[in-house]
Every structure is written in C-alpha cells, then in structure tokens.
Amino acid sequence: MVSVRIATWNVNSLRSRIDRVEALLDRHEIDVLALQETKARADQLPLMGIEARGYEVAVAGVNQWNGVALISRVGLEDVETGFPGQPGWGESAEAESRAIGATCGGVRVWSLYVPNGRKPDDPHYVYKLDWLARLREAALGWRDRDVALVGDWNIAPTDEDVFDIAQFAKSTHVTAPERAAFQAFLDDGYVDVVRPHAPGPEVYTYWDYYRQRYERNRGMRIDFVLGSPSLAARVTGAFIDREERAGTGASDHAPVVVDLA
DNA sequence: ATGGTAGAGTGTCTA
C-alpha cells in the first residue's frame, strides 16, 4: 500500500476560488481532493492549472447550487456519479448531483454533499434523511474495503460541534433524526478519523459569512472524513486547515486533510 | 421572526 493524503473541502464555487484550490494542492501536496458546492457545469470549469500539475479531474452536477468533484494524482478509476439508490430532487438526480465516487490509489473515495435540509418542516429535510438512509445502505456494502466517505455532511453530531447550541435548537443540522442518521454510519463501523487528531473544544470546519463568525470562532463542525475500519487503521494524521478560511475571498468552509499509511 | 454575507447570474434562490 502507498501512502496517500486525502483532503475534502466545500469550496463554495470552484470557478471563483480556482487560485485557492491550486494553492491548496501545492501547499499541502494533496494526492486526492474532494470538493463540494462546485456550482458549475463541467464545460464551465477552468481546470488547466490543475491538470498541468498532473491531476485528473472528475466532476458531477449541473446547477449553480450543488456539484461535487474529485481531483487525484494517484489515479481516478471507476468513476460513479451518485451512489446506487441515491434519491433525486427537482428536475433530475443529475441536476442535483451530490455524490461522486472513484478509486484513487487503491482507496475508494466518495465526495459527498449531504442535502442541507433547509428547515425541519421543509420537504427538503425529508429528502435529506432519505438521502442519508440510502447512502447508509450503500455504504454497508462497501465497508469491508478501504473506503472514505468525505465531505459536507450538513450535520453537527454533538452539541459541542456548534458554537451556540441554543441558537440552533430549532434548526436543521442538530435535530435528533439527523444526528441519528449520522450515528448510524458509526454504528456500522465507519469512523470519524479526524477528531482524534483535532481534539479540544471549539473545533469547527464551517463559519457563516455573516457577523464575522470566523473572526470570533463561532462555527460548526459539519465536514467529516468517515473511514471504513480498514481505512481508519491506516490513518497516521489529520488536520483542519483553519487558516484557509481567513481573509477576503475565502470559502465559508475550511479544508480537512487526512494522511493514510 | 428577521437579518446579516456570499455566489450563482439578472430573477431571486440557496446556503
């Protein structure tokens, strides 16, 4: 087995942040980068700089709100847009594409953008729970291989993953059914491989753009790398690249990086 | 309850 560095990042528009993506690949010597909220069709993407660095790219999603991508310099094989059984929304499942999987350096990586849910009484919230239940079914069939389920889960699994739980008590991301849906992956043997390497309180991956939430560290931990048991056993380190969230022109999420032996 | 900011692309919608 070869050592692999995998990262995931909700980039909030790949076109508006292509320079930051290239800098991230260079800064951390990333082998596989999973992106979410690419917000562009494949034909709109300026990827020459990424390809010139020796990476292959696969993208999914055709609307301006979602979209996922995988960027790899250790192979990009058996690309699948969406997981088996993935429920669709709106005009088509393709338009609302939220998952792309590929085998990169022997590891099966899924870049996931879990539905936001909008509000607990919104049909989109039901869609979110259904989507997660279908993903769990698929993931059960993958767990005996080296699999990484990475991306923006749009769930804060515990109260300490939110800067002020009282403020979010009636919002999505923290409801009991969402947390149970996340916990189900852990019950099946998938492991949050980042948390042991990013301990302590007030560790977040997302800070809203309003009200200087980043500057005041008022964020949420909603971006995760869940590893199958065999993959989790290969993890040698992980970190949240918090500094990427700083300054003008930042995404509202920070990248999360994991090293595998 | 509302609003605050940002990105898609000109109408609002989504997060």
Side-chain angles (χ1 to χ4, degrees), chain A residues 8-24 34-47 59-69 87-100 111-132 150-157 161-175 178 181-182 204-224 242-256:
Chain A
T8 180
W9 189 23
N10 181 324
V11 69
N12 187 17
S13 170
L14 179 48
R15 279 179 290 170
S16 72
R17 259 173 280 287
I18 190 69
D19 293 345
R20 279 181 177 260
V21 170
E22 292 174 8
L24 181 79
L35 296 171
Q36 300 86 38
E37 288 201 67
T38 49
K39 295 187 174 179
R41 302 185 307 268
D43 61 277
Q44 296 175 304
L45 291 171
L47 301 172
V59 303
V62 299
N63 72 20
Q64 68 267 51
W65 299 302
N66 305 306
V68 286
W89 179 266
E91 64 265 46
S92 70
E94 188 193 15
E96 181 98 347
S97 192
R98 299 171 167 280
I100 188 168
S111 178
L112 305 170
Y113 182 58
V114 174
N116 174 283
R118 299 181 188 175
K119 289 181 178 171
D121 62 354
D122 192 294
H124 213 258
Y125 177 84
V126 178
Y127 167 58
K128 178 181 195 174
L129 295 177
D130 187 33
W131 196 95
L132 284 162
V150 314
D152 180 353
W153 289 73
N154 274 316
I155 299 170
D161 299 318
V162 185
F163 72 87
D164 180 6
I165 191 62
Q167 214 177 111
F168 287 85
K170 293 175 185 169
S171 309
T172 59
H173 296 55
V174 304
T175 66
E178 290 168 282
F182 186 87
Y204 307 129
T205 63
Y206 159 80
W207 301 260
D208 211 318
Y209 283 122
Y210 337 131
R211 300 185 176 182
Q212 298 185 300
R213 289 250 173 97
Y214 175 72
E215 290 74 9
R216 298 186 294 144
N217 196 30
R218 296 172 76 73
M220 303 176 86
R221 198 166 69 98
I222 57 176
D223 299 87
F224 295 94
R242 199 181 178 286
E243 285 68 38
E244 174 56 45
R245 177 64 180 80
T248 54
S251 169
D252 45 358
H253 293 250
V256 179

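Naming: A, B, ... by sequence-line order, numbering from 1 per chain. Bear in mind the structure is a predicted one, so any value in this text is a computation, not a measurement.
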| task | Could you check which of dT14(B), dA15(B), dA8(B) has an atom nearest any side-chain atom of Glu37(A)? | result | dA15(B)
| query | Looking at the side chain of Arg211(A), which of dC13(B), dG3(B), dA15(B) is the nearest nucleotide? | reply | dG3(B)
| field | Nearest-nucleotide 5' precedence on DNA chain B, Gln167(A) against Asn116(A) | value | Gln167(A)
| message | Quick test of your reading of the model: are Lys119(A) and Asp121(A) salt-bridged, counting only N-O distances below 4.0 Å? | response | no
| Inter-nucleotide C1' distance (dG4(B), dT14(B)), Å rounded | 15 Å
| task | Quote, to the nearest angstrom, the P distance that separates dG3(B) from dC13(B). | result | 15 Å
| At their closest point, which heavy atom of Val162(A) faces which heavy atom of Ala156(A), and how far apart are they? | CG2-CB, 3.5 Å
| field | Proximity to the side chain of Tyr210(A) - top-ranked nucleotide from dC13(B), dG4(B), dA8(B) | value | dG4(B)
| request: In whole angstrom, give the distance that lies between atom OH of Tyr127(A) and atom C1' of dT14(B). | output: 14 Å
| field | Arg245(A) CZ to dT5(B) C1', straight-line distance once rounded to whole Å | value | 10 Å
| Taking only N and O in the side chain of Arg15(A), is any of them less than 4.0 Å away from OP1 or OP2 of dG7(B)? | no
| request: Run the ring-centre check on Phe182(A) versus Phe224(A) and record whether the distance is less than 6.0 Å. | output: yes
| request: Please tell me which of the listed nucleotides, dA15(B), dG9(B), dG7(B), lies nearest to the side chain of Asn12(A)? | output: dG7(B)
| note | Nearest-nucleotide check on DNA chain B, Asp152(A) vs Thr38(A); residue mapping nearer the 5' end is Thr38(A)
| message | Considering every strand and a 4.0 Å limit on heavy-atom distances, what is the contact class for Gln212(A): base, sugar-phosphate, or nothing? | response | nothing
| task | Round to the nearest Å and state the distance from Gln36(A) atom CD to dA6(B) atom P. | result | 21 Å
| message | Checking Arg211(A) now: which residues fulfil salt bridge (charged side-chain N to carboxylate O under 4.0 Å, His left out) with it, not counting sequence neighbours? | response | none
| query | With sugar-phosphate meaning primed atoms plus P, OP1 and OP2, does Arg17(A) contact a base, only sugar-phosphate, or nothing at under 4.0 Å between heavy atoms? | reply | sugar-phosphate
| query | Counting heavy atoms not belonging to Gln212(A), are there more than 12 under 6.0 Å from its CD? | reply | no
| query | Whole-Å distance between dA8(B) C1' and Tyr113(A) OH? | reply | 13 Å
| message | Just the rounded figure in Å: distance from P of dT14(B) to CH2 of Trp89(A). | response | 9 Å
| field | Whole-Å distance separating the CD atom of Glu215(A) from the P atom of dG4(B) | value | 18 Å
| Euclidean distance for P, dG9(B) against dT5(B) (whole angstrom) | 22 Å
| remark: Correct closest heavy-atom pair for Arg245(A) and His253(A) would be CD-N, 4.2 Å
| said: Once you apply a heavy-atom cut-off of 4.0 Å, does Tyr214(A) come out as touching a base, just sugar-phosphate, or nothing? | reply: nothing
| message | Between C1' on dG9(B) and NZ on Lys39(A), what's the gap in Å once rounded to a whole number? | response | 12 Å
| Whole angstrom value for the distance that separates C1' of dT5(B) from OH of Tyr206(A) | 10 Å
